[in-house]
Enquirer: 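Take this structure, written in structure tokens, and hold onto it; I'll ask about it next.
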There are 2 protein chains.
Amino acid sequence: MNYYGNSVNNLIQHFARLPGIGGKSAQRLAFHVINMPEDEAKAFAQSILNAKQEVRFCAKCCNLTDNELCDICSNPSRDSSTVMVVESPRDMAAYEKTGEYKGLYHILHGAMSPMRDIGPEDIKIKELLARINDDIKEVILATNPTVEGEATAVYISRLLKPMGIVVSRIAHGVPMGSDIEFVDQITLSRALEGRRQI
Amino acid sequence: MNYYGNSVNNLIQHFARLPGIGGKSAQRLAFHVINMPEDEAKAFAQSILNAKQEVRFCAKCCNLTDNELCDICSNPSRDSSTVMVVESPRDMAAYEKTGEYKGLYHILHGAMSPMRDIGPEDIKIKELLARINDDIKEVILATNPTVEGEATAVYISRLLKPMGIVVSRIAHGVPMGSDIEFVDQITLSRALEGRRQI
């Protein structure tokens, strides 16, 4: 239905194509943009173009960056002997927010999934193998605890172990602040399996 | 926190400024845009610029349009003797979706609100008075059933009645499909007040 003219409808349709934005939200967002000051709307449009044009993969860890190396890889105070392998830049950001990890990352940009026809060559595994050198002592596999994430972790560990690198997997168990009564059975079994002496 | 470089962060911040979009959603949307095909991202940016540059108020009803008159005002099959006054283009679209109303609209772009310092001169009331002519037999006030919408309706009706025009207000009552048990008291009183013989 074309109630507002083509320009407005076009904008609504673009918003409606974004993930998690339904028809009513798309309308609300479009009207917000139309009521924005002109320079703010221009800056918004420019930020979309910039993000497409300027963003590239970090030459080392495949994080998104505007430069040759991302801020983490180019930070000399990070511990370059440890590499944490994650599926997405957002997973990396989640670990960065903990402030606990001082090593480097490697971002796979996905996980192996035969169902969705994603094989090892479709994610950044060869880039990971290419950066393995004598400096790297440990690779921590922090892919998601899903079928795809687990399979990817196993696949990578089989490639790295023969190279004499310590390969570890993040712990799975009962999340902090949760109630054991409501935790699913697989997580409970994993928590039991991964128990540690105190 | 700058994990992904300036271009990505800039885009995330622009999304996060939109209404109803939190930090995590803004991140998800930004990553979606980064993974879009380049021409789709360009079209999205262009649609924002177009919406700001091309959209104007319909010279007659103040609806948003790309042309001098909106599609409804320029449609000769609409009944130009009836004008429905609504607060926003979205309210107009909601009535259009019913398919029941064949007259014209007038969009106020807001409602009078002393609390938010919005007076009669800040919404499109003078544009409504300017378009009143002998053709117009009835003005239907379909502002929202809120304090602001009611006040605006009363204000407009006082201006129009001396001009000899039939002024009506949409009915308020129990919404279809609802359960009377859970309907608020003000709505129930209005439903009783507005009862009709069957």
Side-chain angles (χ1 to χ4, degrees), chain A residues 1-15 17-21 24-25 27-38 40-56 58 63-67 70-72 88-90 92-94 96-97 105 109, chain B residues 1-15 17-21 24-25 27-56 58 63-67 70-72 88-90 92-94 96-97 109:
Chain A
M1 299 285 176
N2 193 334
Y3 303 125
Y4 316 117
N6 293 330
S7 306
V8 182
N9 273 305
N10 199 2
L11 183 59
I12 293 173
Q13 277 161 25
H14 270 104
F15 273 119
R17 266 182 234 140
L18 297 177
I21 307 280
K24 290 232 168 177
S25 296
Q27 241 183 48
R28 198 180 62 233
L29 295 176
F31 280 101
H32 181 85
V33 168
I34 289 162
N35 292 323
M36 269 182 188
E38 178 133 11
E40 204 180 317
K42 275 187 182 160
F44 184 21
Q46 194 56 49
S47 74
I48 292 172
L49 297 175
N50 280 351
K52 273 311 285 182
Q53 282 157 6
E54 305 293 329
V55 174
R56 56 178 120 170
C58 168
N63 185 15
L64 299 173
T65 175
D66 295 349
N67 308 308
C70 74
D71 286 1
I72 295 171
S88 79
R90 279 175 280 179
M92 180 272 291
E96 277 300 283
K97 277 179 200 142
Y105 292 91
H109 292 278
Chain B
M1 300 283 177
N2 193 333
Y3 303 123
Y4 316 116
N6 293 330
S7 306
V8 182
N9 273 305
N10 199 2
L11 184 60
I12 294 174
Q13 277 160 26
H14 271 103
F15 273 119
R17 264 181 235 140
L18 298 176
I21 308 280
K24 292 232 168 179
S25 296
Q27 240 183 50
R28 198 179 64 233
L29 295 176
F31 279 101
H32 181 84
V33 168
I34 289 162
N35 293 323
M36 268 180 187
E38 177 133 10
D39 52 346
E40 203 180 319
K42 274 186 183 161
F44 184 20
Q46 194 56 48
S47 74
I48 292 172
L49 297 174
N50 279 352
K52 274 311 286 182
Q53 281 156 7
E54 305 294 329
V55 174
R56 55 178 120 169
C58 168
N63 185 13
L64 300 173
T65 176
D66 296 349
N67 307 308
C70 74
D71 286 0
I72 293 170
S88 79
R90 278 175 283 179
M92 180 272 290
E96 277 300 282
K97 278 180 199 141
H109 293 276

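Each chain gets a letter, A, B and so on, in the order the sequences are listed, and its residues count up from 1. Keep in mind that the numbers below use all heavy atoms, side chains included, and drop hydrogens, waters and symmetry copies.
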Enquirer: Examine whether an atom of A:Ile34 lies under 4.5 Å from a heavy atom of chain B, and if so say whether it belongs to the side chain, the backbone or both; otherwise answer neither.
Expert: both

Enquirer: Specify which of B:Ser25, B:Ser47, B:Cys58 makes the most heavy-atom pairs with chain A at under 4.5 Å.
Expert: B:Ser47

Enquirer: Do A:Lys24 and B:Arg90 have side chains that approach each other closer than 4.5 Å (heavy atoms only, starting at C-beta)?
Expert: no

Enquirer: Using heavy-atom distances under 4.5 Å, tell me whether B:Gln13 contacts chain A through its side chain, its backbone, both, or neither.
Expert: neither

Enquirer: When the ring planes of A:Phe44 and B:Phe44 are compared, do they come out parallel, tilted or perpendicular, using 30° and 60° as the limits?
Expert: perpendicular

Enquirer: What heavy-atom pair brings B:Lys52 and A:Asn35 nearest, and what distance separates the two atoms?
Expert: NZ-C, 4.3 Å

Enquirer: Would you mind telling me which of A:Leu29, A:Leu64, A:Val55 has the largest number of heavy-atom pairs within less than 4.5 Å of chain B?
Expert: A:Leu64

Enquirer: Where is the tightest heavy-atom contact between A:Glu40 and B:Arg17, given as atom of each residue plus distance?
Expert: OE2-CD, 4.1 Å

Enquirer: Counting heavy-atom pairs under 4.5 Å with chain B, which one of A:Asn10, A:Leu18, A:Ile21 comes out on top?
Expert: A:Leu18

Enquirer: Can you list the residues that meet the side chain to side chain donor-acceptor pair (under 3.5 Å) rule with A:Asn6, with sequence neighbours excluded?
Expert: A:Asn2

Enquirer: Which atoms of B:Ala43 come close to chain A, meaning under 4.5 Å heavy atom to heavy atom: side chain ones, backbone ones, both, or neither?
Expert: both

Enquirer: If only side-chain N and O atoms count, and only distance matters, is there a donor-acceptor pair under 3.5 Å linking A:Asp66 with B:Ser7?
Expert: yes

Enquirer: Please classify the contact of A:Met36 with chain B as side chain, backbone, both or neither, using a heavy-atom distance under 4.5 Å.
Expert: both

Enquirer: Specify the closest pair of heavy atoms between A:Arg28 and B:Pro19, including all atoms of both residues, with the distance to one decimal.
Expert: NH2-O, 3.4 Å

Enquirer: B:Ser88, B:Ala93, B:Gly20: which one forms the most heavy-atom pairs within less than 4.5 Å of chain A?
Expert: B:Ala93

Enquirer: Using non-hydrogen atoms only, which part of B:Ile72 is less than 4.5 Å away from chain A: side chain, backbone, both, or neither?
Expert: neither

Enquirer: Not counting sequence neighbours, which residues clear salt bridge (Lys or Arg N to Asp or Glu O under 4.0 Å) with A:Glu96? List them please.
Expert: A:Arg78

